[in-house]
Amino acid sequence: MAIFNTCLGKRIDMVSTLVLGAILTLLAWVALQVTVIHGKYVVDHIADGTYNKGPLADQSGRDSDE
Amino acid sequence: MSEESGLPGHDHGDELARDLSLFDITMIGIGAMIGAGIFVLTGLAAGQAGPGLVIAFAFNGFITIFTGMVYAELGSAIPEAGGGYLWVREALGRSQAFLAGWMSWFAHAVAGSLYTLGFGAFVHLLLTDYFGIHLFEPVDLLFVSFGPEKLFAVFAGALFAYINYRGAKETGLAGNIVTMVKVTVIIVLIAFGFGYIFGHPAEATDRFRPFLPRDFGGVFIAMGLTFIAFEGYEIIVQSGEEVVNPKKSVPKAVFYSMSVVVTIYMLVAIVLIGAVEVTPELFGMAQEGAASGAHGATNLPPIPGSIEDAAVWELLGHLGELGLARAAGQIMPFGTLVILVAGVFSTLSALNATTYSSTRVSFAMGRDHVLPDAFSEVHPEKQTPYIATALSGGLIIFMAVALPIEAVAAATDVMFLLLFLQVNYAAIVIRRKWGDQIDYGYVMPYFPYVPIIGILTKLALAVYLFNYSPLAWYGAIAWILVGIGIFFLYSQRRVRETEAEEETRLIAEERAPEDRGYQVLVPIANPENAEQLIRVASAIARHEDGEVLLTSVATVPDQTPLSEGREYADEQRDLLAEAMQYAPDDIPVHQTVTIGHDVAKSINNIAYQRDSDLVLLGWRGQRKRVSDYALGSTIDTVVENAECDVAVMKTDGTTESERVLVPTAGGPNEDLATAIATAYAEDGADVTLFHVATEGDTEQAYESLERRQETLADAGIAVDLAVETRSNVVQSILDYAGEEDYDSIIIGAAGEGILRRALFGDIPETIGEGFDGEVLMVRKHRPVASAIKEFLRKWIGKGARATGLDS
């Protein structure tokens with residue numbers, strides 16, 4: 001019974017590490033993708049002249065030289 | 001947005017044809033990141049992280065996006081070739097740019113070494129496994145083992161150095177084809193792998209347990225080891241000048257390529273662990289690899305004794321750079337062969353790019369005069385920087401031969417990580433200094449936390465890599481130390497010369513017939529003070545058997561190029577012509593009219609260029625109580641940055657000094673004050689050395705003054721002594737000078753701390769303001785203290801380049 005419990009505990013431990021690892025991996029990947037989507041959003045809005053945060057808050061009426 | 005100087009309108013004359021689309025530069029980024037790294041490093045990293053390789057790639061993608069955002073912002077704002085090196089130079093000055101360039105040269109060259117070693121391993125395996133050609137057994141050469149893999153590595157390094165010397169570089173089309181081929185190969189591999197995983201879900205899942213067999217330490221090492229694979233944004237911004245619509249395309253390409261590449265790396269990791277079985281063949285090859293030590297078995301647990309106890313990741317680790325290729329043999333038909341061939345092309349393509357970029361970095365440093373001019377020498381026929389190419393090729397080959405592959409990979413990563421630290425810091429400086437002037441195509445959110453996180457995470461990864469390969473760190477540190485040595489022995493002087501030439505231009509010069517060694521530089525701005533300044537300067541020059549250089553600086557607005565500023569200099573010519581009437585006959589007096597954007601920088605530049613020993617400045621005698629300046633913006637700047645002794649004289653119109661008081665407190669500044677007082681004495685003045693003592697200190701103070709008196713007497717100079725005991729030093733000096741009818745006070749600067757901002761100290765400046773006569777405050781130049789102070793000020797103080805852009 002003790003051996004069974006030890007094996008079970010080890011297995012649960014391994015499974016939980018795997019699940020935890022999978023969750024962390026997914027979170028990191030999702031965070032990356034969110035940053036990418038946000039980056040595209042910022043670029044598009046700056047190009048449209050509708051983004052007014054950060055240093056652009058002080059800049060008005062400037063033409064992009066694209 | 002076009003300004004004369006400074007980052008916002010960074011000036012560059014030549015424009016390249018803009019013919020790269022968003023797709024093109026995204027492919028360039030993907031090609032750089034899914035390049036040789038995935039073929040060479042995946043096996044090594046699997047050995048460190050185990051199944052946690054997946055999380056290592058995900059985390060790497062996550063932390064590198066912080067620096068990715070920095071590159072997206074700066075790449076969109078300043079889309080020029082030069083990338084990180086350019087931004088560091090503009091934001092942090094040429095001295096830090098030297099370090100950035102020096103590290104960048106090494107990083108690119110060692111990355112080239114990594115690719116040559118990968119190429120050598122792949123070719124050797126192709127020859128032995130598929131053509132049955134066995135070359136020689138590895139031989140020990142001094143401290144390295146030299147096998148056929150290294151022979152091929154040397155061959156590849158030499159070949160691409162030669163190709164770069166010839167000037168043939170990879171065309172865009174060929175590059176895109178290579179990228180498409182290797183991405184296709186990887187996607188096919190992933191497809192086959194997932195086919196297996198979906199068909200055998202239980203076995204595949206089991207191979208991920210335990211998920212972190214070496215805990216997070218192994219994951220961190222794998223992250224550091226493979227970080228080089230995620231630096232494609234550096235390549236993307238290098239193409240900025242050739243991109244259509246760079247303000248949109250560059251940041252988008254950075255983000256899209258990161259998104260795609262990190263996903264592909266994670267999928268490859270899943271396939272590598274989940275779809276590969278521990279077969280007797282794989283086990284045997286890993287045992288063979290571990291026994292030979294040829295595949296970078298650093299920091300790996302030994303292979304288990306029996307095949308039942310072995311995990312896939314352990315075997316992949318011992319297979320090192322061949323791990324992916326061997327695993328691919330199980331995942332898809334002809335997998336090993338396909339990966340080897342793709343790997344050969346990838347490594348060669350990456351080697352070509354790194355040879356090219358390391359050559360261009362060292363070439364640019366030669367052109368910036370921070371490395372010897374030979375680096376920027378272009379071959380007359382081939383039109384290539386052949387010396388930079390040869391040295392870069394030599395560095396690539398040397399590192400490939402001297403270091404094992406895992407140390408080469410770690411050294412590359414350490415260097416790139418350290419380089420990115422500087423770039424993140426430069427981004428903070430650039431946003432703070434010029435953020436409101438720059439046309440951004442993208443701005444990072446949560447500034448400055450994003451670059452700060454970038455700095456901290458990269459620093460942590462770099463430091464953690466020490467656990468994996470101390471040798472890599474030792475190599476990196478040695479390289480940086482050599483760089484610092486070269487900078488201080490050679491480059492610093494050249495940097496200073498370049499800055500001086502850029503900031504100050506000589507308009508007119510009239511030289512006296514005779515030149516002498518010691519030189520007193522006297523900037524003249526006010527004709528009313530000219531006589532007094534020239535009298536004192538001449539006395540000092542006479543004492544030192546030297547000469548006087550009079551200068552007057554014309555300033556032009558920042559928007560006006562110096563080359564257009566001659567018309568501003570007429571007034572200065574007249575000023576000097578008038579001042580020359582006070583020049584004595586027995587001293588050579590030269591005169592120069594210069595032009596610059598800033599008077600103080602110009603004065604320091606002239607002193608540097610003419611190797612002046614002392615700068616003598618006039619002062620109205622009023623301290624600044626409200627502004628940040630002590631005596632005035634020009635005087636403060638000259639005194640703080642002077643590279644020679646400096647003296648500031650309160651000009652009260654005194655035409656003759658008959659009685660001179662020299663308050664003493666010890667130290668090098670007092671020595672200079674005494675030397676100048678001696679010059680006054682030789683001109684007929686009575687000089688008194690004066691000390692304000694505390695209770696019980698009088699006798700000792702008097703003895704000290706007597707020793708000094710005797711020394712001067714030996715030189716034929718007679719001086720008087722006086723000691724007073726009072727608690728208020730300033731008042732004591734002022735009272736004594738007033739009561740005894742002194743007309744001049746010469747006083748050395750008070751001691752100063754390294755970080756404390758001090759010109760001459762409170763006592764001299766209060767005396768200078770309070771005394772109703774001529775006061776000369778002097779400060780001795782101390783190169784080491786000045787260098788440390790400047791270094792600290794640049795790094796942790798003002799955080800900006802010392803010259804050029806501030807104004």
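Numbered from 1 within each chain, the chains take letters A, B, ... in sequence-line order.
- Atom CG of A:Leu32 and atom CD1 of B:Ile65 lie 5.0 Å apart (nearest 0.5 Å).
- Screening A:Thr17, A:Val19, A:Leu20 for a side chain to side chain contact (heavy atoms under 4.5 Å, CB included) involving B:Phe211 leaves a single residue, A:Thr17.
- The two residues B:Ser259 and A:Val36 have their closest heavy-atom pair at CB-CG2, 3.9 Å.
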**Prompt:** After noting the C-alpha distance and the side-chain angles of B:Met258 and A:Thr35, does the key distance pass the side chain to side chain contact (heavy atoms under 4.5 Å, CB included) rule?
**Reply:** CA-CA 10 Å; B:Met258 288 293 302; A:Thr35 308; over 6 Å; no
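- For the pair B:Pro445 and A:His38, the tightest heavy-atom approach, listed with the atom from each and the gap, is CG-CE1, 3.7 Å.
- Residue A:Ala28 comes nearest to B:Ala58 through the heavy atom pair CB-O, 3.7 Å, listed as atom of the first residue, atom of the second, then distance.
- Within the 4.5 Å cutoff, the side chain of B:Pro251 has heavy atoms near those of the A:Val43 side chain.
- Counting heavy atoms of neighbouring residues, nucleotides and ligands inside a 6.0 Å radius, atom CZ of B:Phe23 does not exceed 12 of them.
- For B:Phe62, the CZ atom sits in a loose shell: 12 or fewer heavy atoms of surrounding residues, nucleotides or ligands are nearer than 6.0 Å.
- To the nearest 0.5 Å, atoms CZ (B:Phe59) and CG (A:Leu27) are separated by 8.5 Å.
- Neither the backbone nor the side chain of B:Met444 comes within less than 4.5 Å of any heavy atom of chain A.
- Heavy-atom distances place no part of B:Ser249 under 4.5 Å from chain A, backbone and side chain included.
- Contact of B:Tyr442 with chain A is made through backbone and side chain together, with heavy-atom distances under 4.5 Å.
- Side-chain contact between B:Val443 and A:Pro55 is present, with at least one heavy-atom pair separated by less than 4.5 Å.
- Side-chain contact check for B:Lys248 versus A:Asp44: some heavy-atom pair is nearer than 4.5 Å.
- Between B:Tyr256 and A:Lys40, some side-chain heavy-atom pair lies under the 4.5 Å cut-off.
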Go through the steps for B:Met266 and A:Thr25 under the test side chain to side chain contact (heavy atoms under 4.5 Å, CB included), then give the verdict.
-> CA-CA 9 Å; B:Met266 289 167 62; A:Thr25 303; 3.4 Å; yes
(Q) For A:Leu18 and B:Thr205: C-alpha separation, side-chain torsions, deciding distance, then whether side chain to side chain contact (heavy atoms under 4.5 Å, CB included) applies. (A) CA-CA 9 Å; A:Leu18 177 59; B:Thr205 311; 4.3 Å; yes
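- B:Phe216 touches chain A through its side chain: at least one heavy atom from C-beta onward sits under 4.5 Å away, while N, CA, C and O do not.
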